[in-house]
Student: 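Here it is: the structure, laid out below.
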Amino acid sequence: MQEPSSTVSSNVKDLDLLWDFANPAATEGVLQGLLPGANQLVGGDRSYLIELLTQIGRAQGLQGKLPEALATLKEAEQLLADEQS
């Protein structure tokens, strides 16, 4: 698993590179660490944040943290609905 930089940049587009499928808890931690930067993206493009949230939900689901995963995915769904309106 690659370590991300402390800021979200155009280099961190492929979130798949951050996955350690043998350790979804560690992956969740890495992805959660990207949230502050994703929330501050310039230009109002929320697609990166939405994608990041879906990957966090995926990691939570793989750990059996189903209520957390559902809440995270609902947050992504709401952002997507806002983006489309």
Student: At what distance, to the nearest 0.5 angstrom, does CG of Leu52 lie from CG of Leu18?
Tutor: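 Leu52 CG to Leu18 CG: 9.0 Å, rounded to 0.5 Å.
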Student: Using every non-hydrogen atom in the two residues, find where Ala38 and Leu49 come nearest and quote the distance to one decimal.
Tutor: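 Answer, listing the atom of Ala38 first, then Leu49: CB-CD1, 4.0 Å.
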Student: For residues 68-75, please give each side-chain donor-acceptor pair under 3.5 Å, one per line with the distance, not counting sequence neighbours.
Tutor:
from	atom 1	to	atom 2	distance (Å)
Thr72	OG1	Gln60	OE1	2.8
Thr72	OG1	Glu68	O	2.9

Student: Identify the two heavy atoms, one from Ala59 and one from Glu28, that lie closest to each other, and give their separation to 0.1 Å.
Tutor: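 For Ala59 versus Glu28, the nearest heavy atoms are CB-CB, 3.9 Å.
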Student: Check for me, please, whether Leu35 and Leu15 land in the same ILVMFWY cluster - side-chain distances under 4.5 Å, paths through other members count.
Tutor: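 As far as the 4.5 Å side-chain criterion goes, Leu15 and Leu35 are connected within one cluster.
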Student: Just how far is it from atom CD of Glu51 to atom CG of Leu34, taken to the nearest 0.5 Å?
Tutor: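 It comes to 11.0 Å.
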Student: Looking only at non-hydrogen atoms, find the nearest pair between Arg58 and Asp16 and report the distance.
Tutor: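 In terms of heavy atoms, the two residues are closest at NH1-OD1, 4.1 Å.
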Student: Residues in side-chain contact (heavy atoms from CB on, under 4.5 Å) with Leu80, at least two apart?
Tutor: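 Scan of Leu80 (side-chain contact (heavy atoms from CB on, under 4.5 Å), adjacent residues dropped) gives Ile50, Gln84.
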Student: Roughly how far, to the nearest 0.5 Å, is the CG atom of Leu62 from the CG atom of Asn23?
Tutor: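 Result: 11.0 Å between the selected atoms.
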Student: Taking side chain to side chain donor-acceptor pair (under 3.5 Å) as the test, write out the residues that go with Glu77, two or more places apart.
Tutor: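 None.
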